[in-house]
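Below: the structure, in structure tokens.
Every number for a ligand or one of its atoms is a count from 1 in the order of the listing. In this chain, numbering begins with 1 at the start of the sequence shown.
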Amino acid sequence: MKHLVAAFILICGSVSAQSYQLGDLTITDAFSYPTTGRSGAGYFTLSNEGAADALLGVEADYPKVMLHKSMMKDGVMTMEHQMRVVVPTQGQIEFAPGGYHVMFMGLKEGWGVGDDIKATLIFETSGSLDVTFKVIERP
Ligand SMILES: [Cu+2]
């Protein structure tokens, strides 16, 4: 019976089922898209119930991991390295395609649907939080 319940959760649970808590911070919807290249991006929603904090970086088992922000500059989509992403007091920030994202670089092999990308988010005051980015189908 336990097995049946687990299977049911696997099939019906959306990405949002998994959330991660660190003090007043909550991470939901941590996901990535499949990639065949040397880099991949991670996305999530970050809610803050308390005082302002800042995301300083991400650690993972890849040669280079950075916080990036995609933006239009003179009609060209560019990515800018972010040293510090502020998490406002009782606010929410979205890491999503076309905006903030975690950039994983130097991948040896691509990511496929169902892969788990493990990473640690480093916050200025709250400390560090382990999250898993689930690789899901591109919409
Ligand atoms: Cu990027």
With a cut-off of 3.5 Å and sequence neighbours excluded, list every side-chain donor-acceptor pair involving residues 67-82.
residue : atom : partner : partner atom : Å
Lys73   : NZ   : Glu80   : OE2          : 2.8
Thr78   : OG1  : Met71   : O            : 3.3
Gln82   : NE2  : Glu80   : O            : 3.4

By side chain to side chain contact (heavy atoms under 4.5 Å, CB included) - contacts of Thr35 (at least two apart): Leu107, Trp111

Exam field: side chain Thr28 to backbone Ser19, donor-acceptor pair closer than 3.5 Å: no

Pairs where residues 82-93 contributes a residue and the test salt bridge (Lys or Arg N to Asp or Glu O under 4.0 Å) is met, not counting sequence neighbours: Arg84-Glu124

Between Asp116 and Thr132: side-chain donor-acceptor atoms closer than 3.5 Å: no

Count, waters excluded, of protein N, O or S atoms under 2.8 Å from the Cu ion (ligand 1): 4

Lys118 and Asp130 ion-paired at < 4.0 Å: no

